[in-house]
Amino acid sequence: MPVLYGRVQECAELTAVIEAAARSESGVRVLVGEPGIGKTALLNSVTAHADGFAVLCARGTPSEARLPYAGLHRLLRPVTELIGGLPAPQRTAIRAALGQEDGPAPDRFLVSVAVLGLLSELAEKRPVLVVVDDAHWLDAPSLDALAFAAARFQAEGIALLAATRPEPPEPFSWAPVMTIGGLEPAACEQLIRARSGGPVAGPVLDRLITHTGGNPLALLEIAERLSAAQLAGRAPLPRPLPVGPALERAYLERVSALPVAAQRLLLLAAADDEIDAVTLLRAASHAGIDASALEAAEAAGLIRVSETRVRFRHPLIRSAVYQGAGLARRRWAHQVLGEVAARDDRRAWHRAAAALHPDAGLADELERSAGRARVRSGYTAAAAAMERAAELTPDDGVRARRLVRAAWDRWLGGHADAAVGLLDQARRAAEAGGRAGTLGEIDLLRGMIGLRGGVARDAYQSLVSAADRLGPEEALHALTAAAEAAFYAGDQLRFTAAAARIGRLGPVPGERAALIRAYFAGMAHAAEGEIAASIRQFRTVLEIAGRIDDPDLLRWAATAALMVGDDTIAHALPARAVDIARARGAVTKVPQAIELLVHSELWTGRLAIARANALEGLRLATQTGQLNCAGHLRALLALHAAIEGDVRTCRERAQEALARAREHDLGLVSAVATWALALSDLSLGRYGEAADRLTRMAEAGPGHGHPVITVLSAPHYVEAAVRSGDHDRAARALAMFRSWAEAVQSAWALALVERCRALLADPAAADGHYRRALELHAVSARDFERARTALLYGAHLRRQRRRAQARRYTREALEIFEWLGATRWAERARGELRAAGETVTDPEGEETGALTAQQLQIARFIAEGATNREVAARLFISPRTVDYHVRNIFAKLGIGSRVELVRRFRASGTARV
């Protein structure tokens, strides 16, 4: 192995990662530095010393960046025999991605989970070292899959080292970065002396370091070109020195020293960096280049030829050869390769690169090539092909359609900004070509992008505009998304308008359309105050929901269940949606369903699992670019903290959510975050602040408030307003909530009506209302509100000097709060008990309180009977990581078997998980 000069610290850090992996502690490092800085040398050095490891290597190349999963194919080729041990959906997806079998386009996240499973399976036998060089040239699907897997490495014993030019690829933006800088002067001198074999004068060394920044490759290349006299300071140095941007020129000077035939052959090789020796020789023969030119290029040390590949000694040489050639010579190379390429895709790419004028036939070929890439979830390659196809398309209307398809591919590949730019081009072409339908597709995609990550009301306008230009089925899709955008914004007028338009659409067959129509009819009735009619429509939604397995539709149905106050169904439907999405590997759908699932879990006492689910949803939403969904989950985490009584976390989460809400007109997010802050104020006895917050939220317009949250938070507003002396506003808020509660006849809602009436009543009449409220709470699942009612009743009884009765109800509240883990509320109950004359001891720790959020989720699934492999599939982590967490769970809980774990969870409050 070559000696590495001046890299002691870097080698030590990488060695530590390797040694940790040998102890089953996984790790990731991304080496970032300029070309030639020594990243590859560091990787090679570490790889050579990874004794006992299974080593998997891949290197990104510019041409393969367009080929979906080319990097994974190269990386996983030595271990493809392990694919058969993966779960069926993962096995099918990875085989389709690697081209081992035909099938529908694999979901890119399911492929990512398969990569995680495959590496974990390999690590069962011995530690694994994954080395990815030139990661910036790795194809996007492969890069996403590796980043997804690496983010979940924990206890498998896997080390992943990736080298990239600045900046790190977006999928690895989370990973620990090792910045590889220039060498120190002493190391530079050692390097140059080792190459030149002679002395280096001080001023010469200073000049070289100044101009190269200590770049080892640049130093070595210069040392090869300078004479001993120049290095020793006896002869002047050339001006300018061939470094930095001039480094490519240095390579070209070496190339120009070769015979013309060898230079032409190198250009052919540079024009297709996945070219093999047979294809290169065939292209050379077709161009009249003698085979001896290949030997000359090899002898110059510029390329290396094996039976299967032709490789340049360094990627910069390839870049210099290709970019140094003029446009005419590059076109010549692509024309030759387009005539001899064996594969349709490569032939089309080369012919397209050589084309100077529109060519409808060639554009058709590229579109077919894009379709083949799309089948393998190669959205980046498909987008590039469609963009070039659009450039070669003479007809404006067809060009617009292809640009729209390219935009969809860019968006699905995670590049929303690029998609928007393509849509702008498509709109100009569609307007010139008179394609109204294409204009509708443009507005639809722009609206979908805005719905998930942009300004909600802008998304609404685009989606409504799309519906005007599309047929009934596509218009239903657009209007449903428009209504969702309006719901996010809290814009009741726009939501009602979209619902009305859905009702006027032409017939669309199927239960999907029937459910959507019933849902929006119900919402329209609710907006008009026709609660009974809305409840009938929502019941229809819930009846249809029992027969479908579409996560999106189950989310709408779960909202309908919330509107009728049915906590059981409101929890079951999003839980089913999450399970279906996980089973299908549809990771993008999981956080959307989790939004509704967490809302249900918060109010029905499932606090621990609600937090775990919300954190998982937040992580997945952020990873998949669904920033509006992420904002809502942050607001729900703030609400969770308010229920638990964690004031600081509530404030932090709420501020994060409100910042996103302000930027994107997310009235739902703003309202939930405000509700969380108000509930936190109530826990601290800050009644005036709570009332003010909820008043501003109720009076805020679209983008800042939300009518549904105004209704649901009304009981808390009544309490805050009464305590701060504003009985009139409290009474109006109660009247609004009471009309809805009596229409839905939900026990928990009617209980809160009675509690509010007790707060507003005179002391003599309050007793009956509190008792009736507690009777209703007893048949509902909302134990947090039951405890709060008991606490309020206990305080009322204490003020009436009925201390024995007060202690009974306050003690009940304390027990529930402690069981739920609502620490600040429990402390308030203890204070109330002391005021009622009872001695209260400090609480004991919750049996499962020591578990992390992820450990709690794992324990929950195991308590339900899932195997480690099944838990891994649900949470998108590896079985080995699950095993690692199970051992820690057992240690924290002081148990030794799954049977004990099941018994513990059923016996404790977490059984409600």
Side-chain angles (χ1 to χ4, degrees), residues 62 65-66 68 139-141 170 327 331 334 345 348-374 377-455 458-471 474-475 477-478 481-482 485 625:
R66 301 191 302 266
D139 62 281
E170 181 61 27
L327 174 62
R331 285 191 62 241
H334 286 296
D345 290 340
W349 271 108
H350 285 302
R351 292 181 59 209
L356 288 177
H357 304 290
D359 185 327
L362 182 53
D364 291 341
E365 285 187 48
L366 279 176
E367 184 167 10
R368 289 191 290 271
S369 175
R372 289 188 289 271
R374 202 174 294 120
S377 295
Y379 296 116
T380 300
M386 290 304 295
E387 288 171 38
R388 183 59 177 148
E391 292 172 356
L392 296 172
T393 301
D395 181 83
D396 286 328
V398 178
R399 183 167 64 256
R401 177 182 61 77
R402 285 172 171 158
L403 285 167
V404 172
R405 183 64 261 186
W408 276 103
D409 289 328
R410 287 294 182 198
W411 186 50
L412 292 171
H415 303 286
D417 291 343
V420 170
L422 289 169
L423 289 176
D424 290 339
Q425 297 180 43
R427 182 176 296 279
R428 291 191 291 270
E431 289 171 346
R435 294 292 186 101
T438 303
L439 288 170
E441 294 173 8
I442 292 169
D443 287 336
L444 175 60
L445 178 53
R446 186 180 287 275
M448 293 301 296
I449 294 171
L451 170 61
R452 299 303 172 199
V455 178
D458 290 348
Y460 177 92
Q461 296 296 342
S462 293
L463 291 162
V464 168
S465 176
D468 291 335
R469 295 185 168 103
L470 298 171
E474 293 81 5
H477 181 198

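For the side chain to side chain donor-acceptor pair (under 3.5 Å) test, no residue two or more places apart in sequence or in another chain qualifies with Q425. Among residues two or more places apart in sequence or in another chain, the side chain to side chain donor-acceptor pair (under 3.5 Å) test is passed with T393 by R402. With sequence neighbours left out, D458 forms a salt bridge (Lys or Arg N to Asp or Glu O under 4.0 Å) with no residue at all. When the side chain to side chain contact (heavy atoms under 4.5 Å, CB included) test is applied to L327, the partners found at least two apart in sequence or on another chain are R330, R331. Judged as a side chain to side chain contact (heavy atoms under 4.5 Å, CB included), and not counting sequence neighbours, the contacts of P394 are P358, A360. Shown here are the salt bridge (Lys or Arg N to Asp or Glu O under 4.0 Å) partners of D359, two or more places apart in sequence or in another chain: there are none. Taking A459 as the reference, L451, A485 meet the side chain to side chain contact (heavy atoms under 4.5 Å, CB included) condition, with sequence neighbours excluded.
Between S369 and D345, the shortest heavy-atom distance links the atoms OG-OD1, 3.0 Å. Between P68 and D139, the shortest heavy-atom distance links the atoms C-OD2, 3.7 Å. Shortest non-hydrogen contact noted between E367 and A389 is N-CB, 4.4 Å. Nearest heavy-atom pair across A385 and A370 is CB-CB, 3.7 Å. Taking all atoms of both residues into account, the shortest heavy-atom contact from A400 to A426 is CB-O, 3.6 Å. Between L470 and G437, the shortest heavy-atom contact is CD2-O, 3.9 Å.
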Stepwise salt bridge (charged side-chain N to carboxylate O under 4.0 Å, His left out) check, D409 with R405:
CA-CA 6 Å; D409 289 328; R405 183 64 261 186; 3.3 Å; yes
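Within the structure, salt bridge (charged side-chain N to carboxylate O under 4.0 Å, His left out) contacts touching residues 380-390 (residues at least two apart or in different chains) are E387-R410, R388-E391. Within the structure, every pair that satisfies the ring-ring contact (aromatic ring centres under 6.0 Å, His included) test and touches residues 350-371, not counting sequence neighbours, is listed here: H334-H350. Every pair tested for ring-ring contact (aromatic ring centres under 6.0 Å, His included) that includes a residue from residues 419-438 fails, sequence neighbours excluded, so the list is empty.
Expressed to the nearest 0.5 Å, how far CG of L362 lies from CH2 of W349 amounts to 11.0 Å.
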Taking only distance into account, with no hydrogens and no angle test, what donor-acceptor pairs under 3.5 Å do side-chain atoms of residues 438-448 form with protein atoms, sequence neighbours excluded?
unit_1	atom_1	unit_2	atom_2	d
D443	OD1	R427	NH2	2.4
D443	OD2	S465	OG	2.7
D443	OD2	R469	NH1	2.8
R446	NH2	D424	OD1	2.6

